[in-house]
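Have a look at the structure below before the remarks.
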Amino acid sequence: MSESYAPSPELAAQANGQESLFAEAEADFEGFWAAQARERITWAKDFDVTLDWSNAPFAKWFVGGELNVAYNCVDRHVEAGNGDRVAIHFEGEGGDTRTITYADLQKEVAKAANALTSLGVAKGDRVAIYLPMIPEAVFAMLACARLGAPHSVVFGGFSSEALHTRIADADAKVVITADGQFRRGKPAPLKAAVDAAIAHGDDESPVETVLVVQRTKGDVDWHEGRDQWWHDVVDGQSDTHEAQPHDSEHPLFILYTSGTTGKPKGIFHTSGGYITQAAYTNSVVHDLHPESDVYWCTADIGWVTGHSYIVYGPLANGATQVLYEGTPDTPHQGRFWEIVEKYKVSILYTAPTAIRTFMKWGDDIPAKYDLSSIRILGSVGEPINPEAWRWYREHIGGGSAPIVDTWWQTETGGIMISPLPGVTELEPGSAQRPIPGISAEILDDEGQPFTEAEKVGYLVLTKPWPAMLRGIWGDEQRYKDTYWSRFGPKYYFAGDGAKYDEKGNIWLLGRVDDVMNVSGHRLSTAEIESALVSHEAVAEAAVVGAADETTGQAVVAFVILREEAQERADEVGEGGDLVQELRNHVAKEIGPIAKPRSIMIVPELPKTRSGKIMRRLLKDVAENREVGDVTTLADSSVMNLIQSGLQK
Ligand code: WTA
């Protein structure tokens with residue numbers, strides 16, 4: 001059955017993204033992007049060449065151009081007379097609020113930029129940011145952008161171990177953090193993780209300064225000469241700062257994401273192309289009208305969605321937005337809808353896992369609030385199942401708001417495949433078409449493009465795009481191998497399975513590599529396996545992403561214990577304590593988001609003759625299915641052994 005929903009004529013008429021964009025981009029690809037860059041971005045020096053792809057897969061966009069990204073996100077709006085417009089309605093978890101206009105934002109960013117300069121941060125230096133969702137996170141990112149010091153934001157839910165790896169890989173000179181963060185109404189320490197990350201092992205840390213925002217007023221250990229309070233260093237600075245132009249290809253940020261091996265990849269993005277696509281997509285896909293909309297993206301700034309659709313895209317467009325520190329259920333399950341009502345949010349961008357959670361909590365919760373301000377809904381992070389899609393439109397969107405199901409990645413920097421809300425006839429569950437200026441295809445196993453409906457293949461991108469990653473920090477070869485070799489150098493391999501339906505809509509079918517998607521967060525099986533194996537009780541581990549009603553996928557681990565640990569587990573019964581200990585160990589090594597939902601202790605793992613673990617079979621077990629074809633196993637009885645062990 002197919003259902004589709006056309007936009008209302010009123011919405012279509014006023015939409016930023018019109019049908020004609022497709023034809024324009026089709027007729028002159030480079031001309032189209034050059035026009036976007038010139039219309040949407042203020043350049044200190046115009047560019048000479050739109051795209052240099054001569055050194056593919058290393059792209060250069062808007063070559064010769066110079067700009068300051070922070071100027072584009074802040075100062076120019078003040079200069080245009082919009083200094084009094086609210087940039088950020090900050091809503092703290094505990095209900096404390098702060099209203100920040102563009103004029104305020106300009107001052108805060110200037111002070112932070114002056115402070116970083118006083119701490120010795122210069123153009124090109126890397127700054128790690130490990131903060132909760134508070135305004136200082138935005139100020140810090142923009143201050144870095146202003147100075148041309150690439151930031152590396154690390155999600156506040158990552159452990160000190162994960163933070164250590166990221167600080168070391170980017171060679172960060174300064175870390176910006178907070179004393180603590182509020183989580184479900186309670187303060188939790190944050191700076192302690194920075195201390196542990198810096199003190200890690202024997203290696204010398206590159207970190208010279210830790211700049212600490214006071215948020216929870218909890219106790220912190222203080223390292224004289226290294227640690228500085230944000231309020232001591234930033235507050236007294238001059239609130240003006242002259243923004244210097246940077247080259248269009250100057251690095252803007254590094255953001256680590258999980259790949260197929262244990263080591264996270266530092267995806268790095270540059271300035272001109274990234275900000276162009278962030279601004280363009282936020283305008284045409286979210287249909288943002290900065291004079292009248294109130295926009296709210298519920299992502300954390302620790303992920304790419306927060307980078308592109310809280311900080312860079314909306315601020316470049318001069319949006320008024322909500323920044324929320326907390327979780328959806330603190331202090332009650334209507335918290336999101338209370339916020340929508342309070343600020344009259346008109347554009348809401350969230351994740352399918354959140355939507356499914358709201359569905360579970362019940363229709364009566366959103367029904368208690370006035371959500372009539374909502375006109376556009378967005379979804380990101382994983383496929384949205386049609387049932388959740390319909391619920392979202394009905395119960396949050398008043399039965400009429402278009403939903404833009406946006407497919408993209410940390411690597412793509414901006415939205416790539418999505419409906420345009422004023423143009424597209426929506427098909428629940430499908431991200432539908434590449435947006436104007438973007439080209440995608442689906443390939444079969446042999447690397448041949450096809451268009452047949454319902455046949456499953458691999459999603460590839462066939463042309464460079466402005467916000468594309470410029471590489472993996474410090475590892476050119478890995479960049480080529482990961483994205484540009486599976487189907488040859490002509491195709492960017494996204495790592496997602498996909499198919500077309502009869503109408504030519506693209507349906508994304510989830511990762512085809514060893515990357516899991518848990519609550520819209522990317523996790524690598526290899527990373528969790530190596531965390532498990534680092535525990536003294538574990539001899540071998542295999543991790544799979546098993547289907548989960550709420551979180552999309554859940555982490556399920558299969559573990560072979562070392563002999564002594566196995567003996568001990570046998571003595572005390574099922575090894576329940578040990579399982580709990582292993583789950584906590586993963587949380588400590590990576591972060592609570594990576595904690596396995598379940599860990600099964602098994603005597604063997606299914607392997608091929610060449611020693612490769614057959615995760616497909618473990619997935620069958622984890623999803624309670626009959627186990628598939630075992631003929632390629634080195635020892636076909638292994639699966640029986642595993643299953644009979646689990647039934648015990
Ligand atoms: C998945 C998040 C289906 C996909 C912006 C991709 C999606 C990975 C969608 C990137 C969507 C993201 N429909 N799948 N609308 N959006 N994905 O880097 O598997 O955290 O490769 O970026 O999320 O995750 P990342």
Side-chain angles (χ1 to χ4, degrees), residues 153 155 157-158 253-260 264-269 274 277-278 281-282 285-286 297-310 312-313 349-356 377-386 388-389 392 403-419 424 426-435 438 440 442 458-461 467-469 472 482-483 486 492-499 505-525 527 545 551-553 593-594:
V153 181
F155 174 56
F158 274 126
F253 66 84
I254 308 168
L255 184 57
Y256 287 84
T257 190
S258 297
T260 51
K265 300 180 281 197
I267 303 300
F268 101 85
H269 284 283
Y274 172 81
Q277 192 171 335
T281 48
N282 174 241
V285 176
H286 296 117
C297 167
T298 69
D300 190 285
I301 52 136
W303 309 107
V304 75
T305 306
H307 282 61
S308 303
Y309 299 108
I310 294 177
Y312 291 110
Y349 193 31
T350 194
T353 181
I355 299 164
R356 290 192 296 265
L377 294 171
S379 171
V380 59
E382 54 176 315
I384 177 167
N385 45 313
W389 194 104
Y392 194 29
I403 297 173
V404 287
D405 173 4
T406 62
W407 177 89
W408 59 295
Q409 310 177 295
T410 306
E411 292 87 341
T412 69
I415 293 168
M416 304 293 282
I417 303 178
S418 168
T424 314
L426 303 171
E427 193 80 35
S430 164
Q432 301 193 272
R433 307 278 165 106
I435 61 170
I438 300 300
I442 303 179
Y458 304 92
L459 181 76
V460 294
L461 302 168
M468 70 193 288
L469 74 165
I472 293 176
T482 309
Y483 305 104
R486 174 74 170 81
Y492 169 89
F493 172 56
D496 278 282
K499 65 168 190 180
N505 291 308
I506 296 176
W507 292 68
L508 280 315
L509 303 172
R511 303 287 308 191
V512 293
D513 52 10
D514 293 329
V515 172
M516 295 168 291
N517 192 325
V518 178
S519 297
H521 297 151
R522 258 168 88 166
L523 296 171
S524 114
T525 53
E527 206 178 343
T551 59
Q553 284 189 317
I593 47 165

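Note that ligands are numbered from 1 as they come in the structure, with each ligand's atoms numbered from 1 the same way. Treat the numbers as computed from the prediction; the structure is a model and nothing was measured.
Between K265 and E527, none of the side-chain N atoms (NZ, or NE/NH1/NH2) sits under 4.0 Å from a carboxylate O, so this pair counts as no salt bridge. R356 and E382 are joined by a salt bridge, as a carboxylate oxygen and a charged side-chain nitrogen come within less than 4.0 angstrom of each other.
Atom numbering of ligand 1 starts at 1 in the shown order; those under 4.0 Å from a heavy atom of V304 are 5 (C), 22 (O). Atoms of ligand 1 lying under 4.0 Å from any heavy atom of V380, numbered from 1 in the order shown and given with element: 5 (C). Near N517, meaning under 4.0 Å from one of its heavy atoms, ligand 1 places the atoms 1 (C), 23 (O).
For G381, the heavy-atom gap to ligand 1 drops under 4.0 angstrom.
Among protein heavy atoms, atom 18 (O) of ligand 1 sits closest to T410 OG1, 2.6 Å. Ranking the protein heavy atoms by distance from atom 20 (O) of ligand 1 puts R522 CD, 3.6 Å first. Counting only heavy atoms of the protein, atom 11 (C) of ligand 1 lies nearest to E382 O, 3.5 Å. For atom 10 (C) of ligand 1, the closest non-hydrogen atom of the protein is W408 O, 3.6 Å.
Although no hydrogens or angles enter the test, the distance criterion places a donor-acceptor pair under 3.5 Å between the side chain of H269 and the main chain of T410. In this structure a side-chain-to-backbone donor-acceptor pair under 3.5 Å is missing from T551 to V518.
Residue-level proximity to ligand 1 for V515 is absent, since no heavy atom of it falls below 4.0 angstrom. Both the backbone and the side chain of P383 come within 4.0 Å of ligand 1, counting heavy atoms alone. Heavy atoms of L508 found under 4.0 angstrom from ligand 1 belong exclusively to the side chain. Only the backbone of T406 comes within 4.0 Å of ligand 1, judged by heavy-atom distances.
In this structure, of T412, D496, D513, the residue bringing a heavy atom nearest to atom 21 (O) of ligand 1 is D496.
Considering CG of L377 and CD1 of I384, their distance stands at 9.0 Å, rounded to 0.5 Å.
Taking the ring centroids of Y309 and H286, they lie under the 6.0 Å cut-off. Separation of the Y492 and Y483 ring centroids falls under the 6.0 Å cut-off. F253 has its ring centre no less than 6.0 Å from the ring centre of F268.
Checking only distances, R511 does come within under 3.5 Å of ligand 1, N or O to N or O.
Inspection of the T424 and Q432 side chains reveals no N or O donor paired with an N or O acceptor under 3.5 Å.
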